[in-house]
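The structure appears below as structure tokens.
A note on names: the letters A, B, ... follow the listed sequences, proteins ahead of strands, and every chain is numbered from 1.
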Amino acid sequence: AQSVSQHNHHVILSEAASLELGCNYSYGGTVNLFWYVQYPGQHLQLLLKYFSGDPLVKGIKGFEAEFIKSKFSFNLRKPSVQWSDTAEYFCAAGNTGGFKTIFGAGTRLFVKA
Amino acid sequence: DTGVSQDPRHKITKRGQNVTFRCDPISEHNRLYWYRQTLGQGPEFLTYFQNEAQLEKSRLLSDRFSAERPKGSFSTLEIQRTEQGDSAMYLCASSLGSRGDGYTFGSGTRLTVV
């Protein structure tokens with residue numbers, strides 16, 4: 001069965017701390033991987049995406065994610081978080097046709113100023 | 001381009017009533033998706049359109065749910081005989097092309113069934 005699993009439901013960090021959010025997926029065939037972010041009161045926005053090529057992808061606002069095929073993982077990282085990174089982060093996996101993207105349950109990140 | 005618009009933003013209805021939501025995608029996007037999100041969960045896929053054709057429906061979409069996208073532009077999602085379990089945020093998203101470039105989401109319609 002297709003699924004996306006996010007390791008942590010809630011993460012609390014102080015500003016300048018490093019961030020890593022775990023994501024594992026189970027999806028048959030070639031997979032596209034995404035991280036979306038939802039800031040308080042806003043809609044879901046695409047943070048970064050992986051289709052093929054370099055397994056280390058860079059997104060907006062200093063975020064990056066690494067695709068490790070052997071581990072079926074796509075973890076999100078940021079070297080130094082800011083208070084404005086407080087948001088909910090969703091990992092997602094989809095087929096190369098672009099439809100039926102499935103989402104993880106999300107990780108709520110709170111950054112203390 | 002004002003992004004993906006959904007209407008209404010909030011809907012409170014009594015159990016057993018019918019409700020209809022509207023989604024206006026980004027005009028040049030040929031693909032449109034409906035998702036449902038409940039508290040503490042990620043979005044769950046409901047259905048997907050390419051232009052006016054509804055190409056896939058989730059098992060979550062019972063026969064009380066119907067979606068349309070006439071003329072390949074806006075879409076409507078109707079829920080008949082609503083139940084309390086239908087209370088959720090209903091999200092619409094759109095995308096262009098077949099590579100799965102990522103979706104642009106609307107702000108959603110929050111449905112509360114009382």
Let me check something: do [X] and [Y] share a hydrophobic cluster, defined by ILVMFWY side-chain heavy atoms less than 4.5 Å apart, either directly or through other members?
| X | Y | value |
| --- | --- | --- |
| B:Y33 | B:M89 | yes |
| A:V31 | A:I102 | yes |
| A:Y39 | A:L13 | yes |
| A:V11 | A:L47 | yes |

Is it the case that atom CG in B:L39 sees more than 12 heavy atoms from other parts of the structure closer than 6.0 Å?
no
Residues, nucleotides or ligands: over 12 heavy atoms within 6.0 Å of B:Q80 CD:
yes
If you round to the nearest 0.5 Å, how far is CZ of A:F90 from CD of B:Q37?
4.5 Å
In this structure, NE2 of A:H43 is separated from OG1 of B:T104 (nearest 0.5 Å) by 7.5 Å
Between B:Y103 and A:L44, is there a donor-acceptor pair closer than 3.5 Å when you use the side chain of the first and the backbone of the second?
no
Atom pairs and distances, donor-acceptor, side-chain atoms in residues 67-76 of chain A, under 3.5 Å, two or more places apart:
| unit_1 | atom_1 | unit_2 | atom_2 | d |
| --- | --- | --- | --- | --- |
| A:N75 | OD1 | A:C23 | N | 2.9 |
| A:N75 | ND2 | A:E20 | OE2 | 3.2 |

Residues of residues 105-114 of chain B contacting chain A, heavy-atom criterion under 4.5 Å, by residue number:
B:F105, B:G106, B:S107
With chain A as the partner chain, list the residues of residues 13-20 of chain B whose heavy atoms fall under 4.5 Å from it, by residue number, and write 'none' if nothing qualifies.
none
For B:L55, which atoms come within 4.5 Å of any heavy atom of chain A: side chain, backbone, both, or neither?
neither
Under 3.5 Å, side-chain donor or acceptor atoms of residues 103-113 of chain A against the rest of the protein: list the pairs with distances, not counting sequence neighbours.
| unit_1 | atom_1 | unit_2 | atom_2 | d |
| --- | --- | --- | --- | --- |
| A:T107 | OG1 | A:Q6 | NE2 | 3.3 |
| A:T107 | OG1 | A:N8 | O | 2.5 |

